[in-house]
There are 2 protein chains.
Amino acid sequence: MRIVDIIQKKRDAEVLSSEEISFLLDEYMVGNVPDYQVSAFLMATYFNGMNKNELKVFTEKMMNSGDIIDFPGIKKFLIDKHSTGGVGDKTTIALAPIFASFDIGTAKLSGRGLGHTGGTIDKFESIVGFQFPETKEGLIDLVNKCGTGIMGYSDKIVPLDKKLYSLRDVTATVPSIPLIAASIMSKKLAVHADGIILDVKTGSGAFMKSLDDARLLAKTMRDIGDSMGRKVVTCITDMDQPLGFAVGNTLEVIEAIETIKGRGPKEFSYLVETLAAIGLMLKGDVDNLDKGREMVLEIIKSGKPVEMLKMFIENTGGNPKIVDDYNLLPIAKNKLSVKSNNNGYVSAIEAESIGKSAMILGAGRATKEDIIDHGTGIILHKKIGDKVNKGDELATIYYNDSKNLKDSEEMILSAYAFSTDFIEPRDIILEIESV
Amino acid sequence: MRIVDIIQKKRDAEVLSSEEISFLLDEYMVGNVPDYQVSAFLMATYFNGMNKNELKVFTEKMMNSGDIIDFPGIKKFLIDKHSTGGVGDKTTIALAPIFASFDIGTAKLSGRGLGHTGGTIDKFESIVGFQFPETKEGLIDLVNKCGTGIMGYSDKIVPLDKKLYSLRDVTATVPSIPLIAASIMSKKLAVHADGIILDVKTGSGAFMKSLDDARLLAKTMRDIGDSMGRKVVTCITDMDQPLGFAVGNTLEVIEAIETIKGRGPKEFSYLVETLAAIGLMLKGDVDNLDKGREMVLEIIKSGKPVEMLKMFIENTGGNPKIVDDYNLLPIAKNKLSVKSNNNGYVSAIEAESIGKSAMILGAGRATKEDIIDHGTGIILHKKIGDKVNKGDELATIYYNDSKNLKDSEEMILSAYAFSTDFIEPRDIILEIESV
């Protein structure tokens, strides 16, 4: 078997055998295949895609390139909820304690963010003293103690994904749906959760700008999960504007806590309730989403999720009192009110610009080396469909350093578009499919 | 400017600016861009091609990556005739002495062969003592003395082509028409001939299997030449069967000499006469091909091309007597007659198989390190359209080592296809276009 023949077959849209895919990835992993052959293969894959079996073998090889995390002895039903990422996405922070309240464990690996705002790991680190487990044993212990098992990615989990991603990043082969699907699913499959919920964001602030692409990514990931005998539900959700009002690490933690207290933003709360209801269906506690959502609303009313979150924070070295007293969280020293120059109904909020305006305040990383300033960020006061008069407050900027303040303000102002007619915002949840 | 953005633009079929192409190639040439980015770019180019300006800049950059060979002080009209390669192509050996007879100089770089039979350089090296010049000065001296200036490629001529070709070879990005065109034209343009004649072979034994691909390659090369202000004529010629009867280095030299003696195979002689007539038109001696061909036939009758060939051989260290006495050339010790198992008209001769059957006898190189056995090869006795009875001689194998003899014979037998009805062979010259 020659690598150049494998590249040629992919270039000519021929189907590769399981042996060919395995050979390519095995040899690449041990350093026998140079990057320049793999990058040509990746570009050919960008153009010609992969069929179901190719993708299954590709993903399986990635999954098995490092440690597999299973949970021996854990009786809890375990869910891995993953979002493809967007601006203001603090879903996991609200969802995990709700799951824990139903004795559903969260078992997932989470990332630090690059660009926009931080990842889930960064957001939790707004809580002083908070520390995620660094080993598989620590993760299992955490799931046992408080139901919420989250840890960061390590080099030992799917190292082949890291190697391939670094190469894709510099060869313009990132936005390939099969490669994205394999990258996400290899990491989900390496963790043995009982059910996988994939939140595929779509819109101006998401990686998948179009609904068609989001659908294709969702289907591709479901197919991979199905081919490996795993329960997978995909939700396609709106990212045409930031999720909720808060963008920035501490601000998002507060909004997530408010949500499990029953006081969250309407559309974000509905998303959390629905994802929780999907979890209840996967576990088998309910047979439809409406019943699931009812149970979720009840448990929120009972206050149990708040207690579960406190327990989680306690078990990770943080101060659980922050849940009751947000003043214990780091908040930026200064605020600036961003006022509208326009009259009309908000017709669009370019989510990526809002993300970047938060990033340049310190809420996110432009390069891997940047240090996050957790207290900075933006609270939006107006969202799509809201009526705005000139001089009304559109947003509040939370900042420590005024260096990029002006740019941040301008980015926010130009992110907003207005219409003279009322614009109905898109539903937060667009489609739900399962295998 | 970032390389990844340049790759992305090519991936998305956007047009690259002259600056972007220059930046990519300049930085690659000095080692600032890694192979893995260039291979991704090449694969994207395989899919999305290049437009006229991209290709002009790409070719120009390649051309200027090494030495330029011009011919100061030479008054002769200089022609560079290049063939895209096929089986039994000994055209240059016959054409250069004819040109020399009309005071047209040949100025070209020639290759050694890989696969099939040798290149023009290898073929001439059948003549004991023969040695091509190794420097630009030696080449100019040779053109001055005998009109025929041929030398091998050196690392100093278009080194970027060598670097890119090595990468293309292992990343399945060789068969891209713009990349092929740029590779050929950069080497043609680096030599300052007054006219360029490109013989684009098409058919089973050629790189361009289909006429459409051959047309596209021819047009792409004309466009590049035109964009650089050079006179270019392209001929698309048949390679659905080997050219002439002889395949193998010494055997081809003899067939070429027979051709300038007026005793060559009909279709090969017509090709040589036509290419020579194109040269006369380019120089301005005639205004149509028929008149040119008449002049060529006359000069062959005069015996001048034979004298010019002798002069060329003398000036390169060989024994000019080989032209009159072929026994002075190395010929394989043994012969095997290959006889037909079929009755009928020859309908096809798979040229690539004939090439390989000669190669395994020692006439060509399977790897760069192989040493050519100049005296080996094949003489075909039947070509497309010929009537064959069972037991008739199809070909004669010339061999020294009987190791691969059986395989060679079987390859020849299976290369032939027969039909009960007469098959008219395709014209040797299919199309001629100029800029």
Side-chain angles (χ1 to χ4, degrees), chain A residues 1-16 20-21 23-24 27-29 31-50 114-115 162-180 207 209-210 213 366-367, chain B residues 1-16 20-21 23-24 27-29 31-50 114-115 162-180 207 209-210 213 366-367:
Chain A
M1 229 181 284
R2 295 193 318 156
I3 298 298
V4 65
D5 297 329
I6 295 174
I7 303 170
Q8 184 175 328
K9 277 180 92 168
K10 181 47 68 193
R11 182 198 77 194
D12 295 343
E14 289 172 30
V15 174
L16 294 173
E20 286 167 326
I21 301 256
F23 179 71
L24 173 72
E27 294 293 302
Y28 182 53
M29 194 60 202
N32 289 343
V33 178
D35 284 337
Y36 56 77
Q37 288 192 309
V38 175
S39 66
F41 175 83
L42 293 170
M43 186 58 86
T45 303
Y46 175 88
F47 282 95
N48 288 332
M50 286 198 244
L114 188 61
K162 203 173 177 185
K163 197 169 152 121
L164 282 172
Y165 194 87
S166 304
L167 188 58
R168 287 167 59 204
D169 197 34
V170 291
T171 56
T173 49
V174 168
S176 152
I177 284 177
L179 294 178
I180 295 167
F207 203 49
K209 305 285 176 213
S210 79
D213 278 352
T367 71
Chain B
M1 229 181 285
R2 294 193 318 157
I3 298 296
V4 65
D5 297 328
I6 295 174
I7 304 171
Q8 183 175 328
K9 277 180 92 168
K10 182 45 68 194
R11 181 197 79 194
D12 295 343
E14 289 172 30
V15 175
L16 294 172
E20 285 167 326
I21 301 257
F23 180 71
L24 173 71
E27 294 293 304
Y28 181 53
M29 194 58 204
N32 289 342
V33 177
D35 284 337
Y36 56 75
Q37 288 192 309
V38 175
S39 66
F41 174 83
L42 293 170
M43 187 58 86
T45 303
Y46 175 88
F47 283 95
N48 288 333
M50 287 198 244
L114 189 61
K162 203 173 177 184
K163 198 168 151 122
L164 282 172
Y165 195 87
S166 305
L167 188 59
R168 285 167 61 204
D169 197 35
V170 291
T171 56
T173 48
V174 168
S176 153
I177 284 177
L179 294 178
I180 295 167
F207 204 48
K209 305 285 175 213
S210 79
D213 278 353
T367 71

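These values consider heavy atoms only, across backbone and side chains, with no hydrogens, waters or symmetry-generated copies.
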Greater than 12 external heavy atoms within 6.0 Å of A:Lys162's NZ
no
B:Val4 versus A:Ala172, closest heavy-atom pair with distance:
CG2-N, 3.6 Å
At their closest point, which heavy atom of B:Ser39 faces which heavy atom of A:Ser39, and how far apart are they?
OG-OG, 2.6 Å
Side chain from CB out, backbone as N, CA, C, O: work out which of these in A:Tyr46 comes under 4.5 Å of a heavy atom of chain B, or both, or neither.
side chain
Residue A:Asn48 versus chain B: region with a heavy atom under 4.5 Å:
side chain
In the structure I gave you, are the side-chain heavy atoms of A:Phe47 and B:Arg11 within less than 4.5 Å of one another anywhere?
yes
Heavy-atom pairs under 4.5 Å with chain B - which of A:Val170, A:Ile7, A:Asp35, A:Asp12 has more of them than the others?
A:Val170
Is it the side chain or the backbone of B:Leu167 that comes within 4.5 Å of chain A heavy atoms, both, or neither?
side chain
